[in-house]
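Written below as structure tokens is the structure these notes are about.
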Amino acid sequence: MKTRVLSMVLIAVFAISLTTMAQNPKTQKKNLEQKEMMMKHRDGDMNKRFDTFFTEEQQAKVKELRLESAKKIKPLKNELNELQAKQQTLSTADKADLSAINSNIDKMSIVKADIAKIMAKQHQEIRSMLSEEQLMKFDEMKARRGDRKPGFERNERDHNSRSPRGERS
């Protein structure tokens, strides 16, 4: 009986100490700082490659193209986020309306296609201003990167690879 009580007390103390450590603001701040440093390092590497790969004139043109594309894509991403939220609401309703769900999926597909078209146009415009040597390196970089933008298509791939019950296919 005493060992049982003692073991319960030890488990409780262990659980409390883990909870306290997990909620330690210093630890959270340190993790956040580490993430920020990694992001800055990655962005610095990208800028360094960007600066050495393109000429100054090309850099200016690429920045202009990216800004133009970002301006077009921003409202589309906002619309896509709204449609995804609506999809969540539709699919979790007590009495789900399958035709409304399918209609919303069609709208999401159209928005995703529009975003992909803008990105493809930007990519081709960048390719058109490169020399043959730059073109080979540019295409090689794109192939190595897996032809995706970090954070966008990766999430889409994760969502699309799950079955309706949340299992991976």
Output the distance between atom [atom1] ([X]) and atom [atom2] ([Y]), rounded to the nearest 0.5 Å.
{"X": "L80", "Y": "Q87", "atom1": "CG", "atom2": "CD", "answer": "11.0 Å"}
{"X": "E79", "Y": "K86", "atom1": "CD", "atom2": "NZ", "answer": "10.5 Å"}
{"X": "D106", "Y": "I101", "atom1": "CG", "atom2": "CD1", "answer": "12.0 Å"}
{"X": "K77", "Y": "I115", "atom1": "NZ", "atom2": "CD1", "answer": "6.5 Å"}
{"X": "K107", "Y": "N102", "atom1": "NZ", "atom2": "CG", "answer": "12.0 Å"}
{"X": "D139", "Y": "L130", "atom1": "CG", "atom2": "CG", "answer": "8.5 Å"}

Show the numbers, then the answer: is there a salt bridge (charged side-chain N to carboxylate O under 4.0 Å, His left out) between K72 and D114?
CA-CA 10 Å; K72 292 177 185 175; D114 289 344; over 6 Å; no
Donor-acceptor pair, [X] side chain versus [Y] backbone, under 3.5 Å?
{"X": "Q124", "Y": "K121", "result": "no"}
{"X": "N104", "Y": "L83", "result": "yes"}
{"X": "T92", "Y": "Q88", "result": "yes"}
{"X": "Q58", "Y": "M129", "result": "yes"}
{"X": "S128", "Y": "E125", "result": "yes"}

Closest approach of S7 to R4 (non-hydrogen atoms, all atoms of both residues)
OG-O, 2.8 Å
Determine the minimum heavy-atom distance between Q59 and F54, stating which atoms define it.
NE2-O, 3.2 Å
Full working for salt bridge (charged side-chain N to carboxylate O under 4.0 Å, His left out) between K61 and E57:
CA-CA 6 Å; K61 181 69 175 165; E57 182 180 314; over 6 Å; no
Below 4.5 Å, heavy atoms only, C-beta onward: do D97 and L90 meet side chain to side chain?
no
When you check the side-chain N and O atoms of E68 and Q122, is any donor under 3.5 Å from an acceptor?
no
Applying side chain to side chain contact (heavy atoms under 4.5 Å, CB included) to N81 and Q84, what does each step give before you reach the verdict?
CA-CA 5 Å; N81 289 335; Q84 287 171 335; 3.5 Å; yes
Hphob cluster co-occupancy, I126 + L135, side-chain heavy atoms under 4.5 angstrom
yes
Of all residues at least two apart in sequence or in a different chain, which pass the salt bridge (Lys or Arg N to Asp or Glu O under 4.0 Å) check with E133?
K137
